Amino acid sequence: MNNCKYFIFGTLAVFAHKNGLAANEEELPNILWITSEDNSPMLGCYGDKFATTPHLNSLADEGFRYTHAYASAPVSAPTRNTIITGVYACSAGNQHMRSWYGKSNTVRYYPEFLRKLGYYCTNNPKEDYNHPAEQTRGVWDESGRNAHYKNRKAGQPFFAVFNSGISHESCLHQSIPTDKLRHDPRFVTLPPYHPDTEELRHDWAQYYDKVEEMDAWVGEILRELEESGEADRTIVFYYSDHGGVLCRSKRFVYETGTHVPFIVRIPERFKHLYPDGQPAGTTIDRLISWVDLAPTLLSIVGVPAPEWMQGRAFLGQQAAEAPEYVFMFRNRMDERYDMSRAIRDERFRYIRNYQPHRIYGQHNNYLWLAPSVASWENAYRSGRCNRIQSAFWEAKPAEELYDTEADGWEILNLADNPDYGRILDRMRRALDDEMIRIRDAGFIQEGEYERISETTTMYDYLHSPEYPIAEIIHVANTAIVKDKKNLPYLAEWLNDDNRTIRYWAATGLLILGNEAESCADRLTAALNDPSPDVVIVAAEALYRLGRRQRSVATLLTVMDNPNVMVRTFALNVIDQLGEDSRHVRQAVERLGKKSENDKSQGRFDLRMVNRLTTKWRDEAKVRR
């Protein structure tokens, strides 16, 4: 057995030398990733005095605590897609929560590189990579609730992921009796955007209980590693997939949705991997993003990262210079369409909202399962919220700029403050440059994805000359400004050959509202556009210009489209318009009955059907 172990490590050492590792670095480390879900840095080691996290506090003392770690998206599946590929999900058409558009053959999953190197790769238990199931089969040596590094061959290095759902948002769907909570709701410090309701205090306290339980789970994973005898040759990462989880965190590109805890413990025998030669126990302020995890992993084991990976290694021989910015994205969240992009430097966060005519707090079925969300909405509707607390339920500005050092909760938008004009311009340019660099797919409405995917993958289309990304971004940026001076440009773009440009032109006219009256005839012509997404936006714009009958008839026709995401988009608009005529109700009910036995993935149109029918039923009760 010892000879076998020596042979395996000797072979790996030869591979390591060929890939740039020095002679004293030839031993490949085990790597253990411990991941939790939906939690911001609500840990004692990050200065949260209300948190009870002794195991993670100790891990931080023994390792390196990163203060500026950011999820690429504020929700799980697009984040996991980004992590496992090293490519932003929005650079491959996988940015929606959830979607199943296929992976390009160009892009590969990081376990493939590790397994070729000899690693035994396990994942326990969650995958959720936003790719079709047939593409993710066989990625791991083991994946599931029984996957474990202990099942490897003797002497074989391992890479293991253990994921806990203890702190997942769903932990708030059932309220624990207050007298059973370990964290007292009376002592919760509410963010200024949350009104002081009993449900919000309770859910905050309950969530701290769940973070405490998650910390205990981390302790068990670390104890098991110690007992295995592998701790002194295992690099440990702990991180959360994204922030959360109380309302206005998860799903939103604020600090609360994207800033995450990240701790790395590196054994003494691998001290050549210490960041910048710093001693253990050091705080690291470098900006890092989850798109950096895959290239960092390859850097640690001496494998050059392929050119298509979009992140920067922050450990190992291939560690790159620290970036000036990190980038974040948001698109469809389950059944609700929205789009925001954000970029952050060490101090400022800039957000661009591409649907400023929509409120932040669009009803999302899963989000509303937490009692605290409805309590906030009820407080707003009953007039019990101040200006800061009301903002979530009102239309968004096109741009937001926050000084995160002075305004940690991001409630004072500096975008209109002339004193910050130079910072705003700098970050505008940086965001545009990054979206062009990665060829951001978010500008293409999802109804087009199925058509594009008939002949190629979204990634391959996006990274081809067929996608004029810079021109599209220019049109979209113009559309969201709500400036009547842009009316001639929007009218002209409405006749462009490119479907995406026509979509953003129609969106710009919709945002202008009554100021787009002179373009009513052009919008009417757009009701016959070959792109159903353009048709839907044009119909909404005309409805708001008073052409209701024609608009409703068009939306009802679109609801028969075979593409589920087109139907979902149309139902979003019907809900936004508050349209509940007899013809609309009958059409929605017919769609629900026709689709109720359809168990295929992603039936977000049915969620919208349920939303509308429930809303109409509740409104009828109030009237009675």
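Note that the structure is predicted; figures quoted are calculated from it, not measured.
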On the six-membered ring of Tyr254, is Arg248 placed so that its NZ or CZ lies under 6.0 angstrom from the centre and within 45° of the ring axis?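 Yes, a cation-pi geometry holds between Arg248 and Tyr254.
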Can the positive tip of Arg330 be found less than 6.0 Å from the middle of the six-membered ring of Phe252, inside 45° of the ring normal?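 Verdict for Phe252: a cation-pi partner in Arg330.
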Under the side-chain contact (heavy atoms from CB on, under 4.5 Å) test against Ser91, which residue among Thr82, Ile438, Val107, Val291 passes?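 Looking at Thr82, Ile438, Val107, Val291, the match for Ser91 under the side-chain contact (heavy atoms from CB on, under 4.5 Å) is Ile438.
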Classify the side-chain pair Asn39/Ser240 by whether it contains a donor and acceptor separated by less than 3.5 Å.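 Checked: Asn39/Ser240 side chains pair up, N/O donor to acceptor below 3.5 Å.
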Between Tyr109 and Gln135: side-chain donor-acceptor atoms closer than 3.5 Å: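 Checked: Tyr109/Gln135 side chains show no N/O donor-acceptor pair below 3.5 Å.
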Donor-acceptor pair, side chain of [X] and main chain of [Y], under 3.5 angstrom:
X	Y	result
Ser40	Gly243	no
Arg336	Met333	no
Arg65	Tyr46	no
Tyr459	Asn94	no
Thr53	Leu43	no
His242	Ser249	no
Gln156	Gly118	yes

Taking the six-membered ring for Trp, are Phe262 and Phe314 closer than 6.0 Å centroid to centroid?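 Ring-ring flag for Phe262/Phe314: true, centres closer than 6.0 Å.
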